[in-house]
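Just so you know, these numbers use all the heavy atoms, side chains as well, and skip hydrogens, waters and symmetry mates. Note that this is a predicted model, so its numbers are computed, not measured.
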Amino acid sequence: MSVREAVSATTLTWDDARAIGKQAPAVKAISAYLQRQVQVVYGGQNSFTAILGTDLNYPDVKNIQPQEGRFFNEDELNAAEPVVVLGSKVRDELFGAGANPLSSDIRIQGNRYKVIGVMESKGSVGGTDQDDRVYIPLKNMSSRIVGRNSLAGIAISGFWLETAGEADLADAQFQVENIMRLRHNIYPPQPDDFRVVNQAEIVNTFSNVIGLFTVMIGAIAGISLVVGGIGIANIMLVSVVERTKEIGIRKAVGATNAAILIQFMAESILVSTVGGTAGIGLGIVIAFGASTAFKFPFVVSVWSIAAGFGLSFTVGLLAGVLPARNAARLDPIAALRND
């Protein structure tokens, strides 16, 4: 298992990242990056996307690999070669869905770059589309796109680091913070000029929030089921009263109490199941709309649909017991006299 942290600041340099990679024992791998929003052009097509100048460790640290072609190599990184690896969404916007862009030339801020690869599709994470970006060597990004360095070396937006497991995460954070403070001459009570983001803490916070929402939604769903069950029971009770003479006629021609009971139970289950089907359909439509708007994967599990139908059936069954029982117990003579 691997666990990641992110460190970001405006004062960071590539030398900071490389120093941490050498001096922090708990750090398994580290990848620096420099990011900007740019216009990418191919022929008559263009895409406004994120460009990421990074190093050779990025695919392994971020767990994303080229699905076509390759990532840039050490020689291309050191020589600041104008090569680019496209995200799958950018490839589709510039060249068309599923097209092969390898060896084609695109323009980034007027500079010509040769396409050497296309990254695998990863979708959205935290509201950021991982496929809507392009990758170039960090040195090229610093010199040709950003056009400035810090006094201490190549300025970066931040770096990602990876540990072997969650148990090493706290040690890695402690080591990174102390190395950074020494390199930046920060001593108490001076504030840090960098920020360490621990993804495990983010995941725990997110899980707690999701758990709270789950409890709230479950409570609302429970109340809705009770209200729905009461509504169905009332509908069926009214139906029994309005159809008293019909029940009397059926009993007079030989219908048993069990037949009357099954009839009204079936009607109650049918009403509940139709309502549940409509609710499931509405839920799927809302989920699809939310996934489109917020750019996260649209996933509807089979068990959730089955659970929805199961709950609808159960509510209908329970709500129909009393009305069906009353209908089955009606005296046929009294029922026939009813006006």
Side-chain angles (χ1 to χ4, degrees), residues 2-38 50-64 71-81 83 85 125-126 128 130 133-203:
S2 62
V3 183
R4 298 174 181 84
E5 289 182 332
V7 182
S8 61
T10 57
T11 58
L12 292 177
T13 66
W14 195 13
D15 287 339
D16 289 331
R18 288 186 288 195
I20 288 171
K22 294 177 181 178
Q23 299 174 21
V27 174
K28 177 182 176 182
I30 190 166
S31 176
Y33 68 92
L34 181 57
Q35 182 169 332
R36 292 290 187 276
Q37 295 292 125
V38 298
I51 181 170
L52 216 66
T54 187
D55 55 27
L56 307 181
N57 295 330
Y58 185 86
D60 293 329
V61 172
K62 294 294 289 178
N63 191 28
I64 179 171
F71 208 66
F72 46 82
N73 55 39
E74 187 171 2
D75 291 337
E76 291 165 335
L77 174 65
N78 293 332
E81 290 289 335
V83 293
V85 182
V125 177
T128 301
Q130 303 297 298
R133 56 179 51 170
V134 299
Y135 308 85
I136 65 173
L138 179 57
K139 285 188 175 182
N140 183 287
M141 175 75 169
S142 178
S143 61
R144 300 188 65 177
I145 303 299
V146 178
R148 62 177 176 83
N149 291 327
S150 71
L151 295 177
I154 296 177
I156 59 175
S157 301
F159 54 81
W160 292 91
L161 62 86
E162 179 183 14
T163 64
E166 190 172 351
D168 300 318
L169 199 55
D171 292 339
Q173 183 168 347
F174 176 80
Q175 293 164 11
V176 168
E177 289 174 344
N178 281 281
I179 292 170
M180 288 294 297
R181 287 167 186 153
L182 288 173
R183 289 184 57 83
H184 289 206
N185 296 314
I186 298 173
Y187 302 98
Q190 293 175 299
D192 293 337
D193 62 352
F194 59 89
R195 181 169 60 96
V196 178
V197 180
N198 188 326
Q199 284 195 342
E201 294 176 357
I202 295 175
V203 170

Tell me if a side-chain donor or acceptor on [X] pairs with a main-chain N or O of [Y] at a distance below 3.5 Å.
| X | Y | answer |
| --- | --- | --- |
| Asp171 | Asp168 | no |
| Gln190 | Tyr187 | yes |
| Gln35 | Ser157 | no |
| Glu76 | Asn73 | yes |

Provide the closest heavy-atom pair for [X] versus [Y] in the form atom of the first, atom of the second, distance.
| X | Y | result |
| --- | --- | --- |
| Pro59 | Leu56 | CD-O, 3.4 Å |
| Pro137 | Glu81 | CG-O, 3.6 Å |
| Ile156 | Thr13 | CD1-O, 3.4 Å |
| Val83 | Phe72 | CG2-CB, 3.9 Å |
| Phe159 | Ala32 | CB-CA, 3.7 Å |
| Ser142 | Leu34 | CA-CD2, 4.0 Å |

Between [atom1] of [X] and [atom2] of [Y], what distance do you get to the nearest 0.5 Å?
| X | Y | atom1 | atom2 | answer |
| --- | --- | --- | --- | --- |
| Glu162 | Leu169 | CD | CG | 11.0 Å |
| Gln173 | Asn178 | CD | CG | 10.5 Å |
| Arg133 | Gln37 | CZ | CD | 9.0 Å |
| Leu138 | Met141 | CG | CE | 8.5 Å |
| Leu77 | Asp55 | CG | CG | 6.5 Å |
| Lys28 | Leu161 | NZ | CG | 12.5 Å |

Around Glu74, counting heavy atoms of other residues, nucleotides and ligands shown, do more than 12 lie under 6.0 Å from its CD? no
Evaluate the side-chain proximity of [Y] to [X]: yes if any heavy-atom separation is below 4.5 Å, no if none is.
| X | Y | answer |
| --- | --- | --- |
| Val85 | Tyr58 | no |
| Lys139 | Trp14 | yes |
| Met180 | Ile186 | no |

Might you work through the side chain to side chain contact (heavy atoms under 4.5 Å, CB included) test for Ile30 and Lys22, ending with a clear yes or no? CA-CA 10 Å; Ile30 190 166; Lys22 294 177 181 178; over 6 Å; no
Pair Asp15-Arg183, side chain to side chain contact (heavy atoms under 4.5 Å, CB included): steps then yes or no: CA-CA 10 Å; Asp15 287 339; Arg183 289 184 57 83; 3.5 Å; yes
Report the C-alpha distance between Ile179 and Val176 in whole Å, list the side-chain angles of each, state the deciding distance to 0.1 Å, and finish with yes or no for side chain to side chain contact (heavy atoms under 4.5 Å, CB included). CA-CA 5 Å; Ile179 292 170; Val176 168; 6.0 Å; no
Determine, stepwise, if the pair Phe71 / Thr54 fulfils side chain to side chain contact (heavy atoms under 4.5 Å, CB included). CA-CA 11 Å; Phe71 208 66; Thr54 187; 3.9 Å; yes
Mind checking side chain to side chain donor-acceptor pair (under 3.5 Å) for Asn140 and listing every partner two or more places apart, or none if nothing turns up? Tyr113
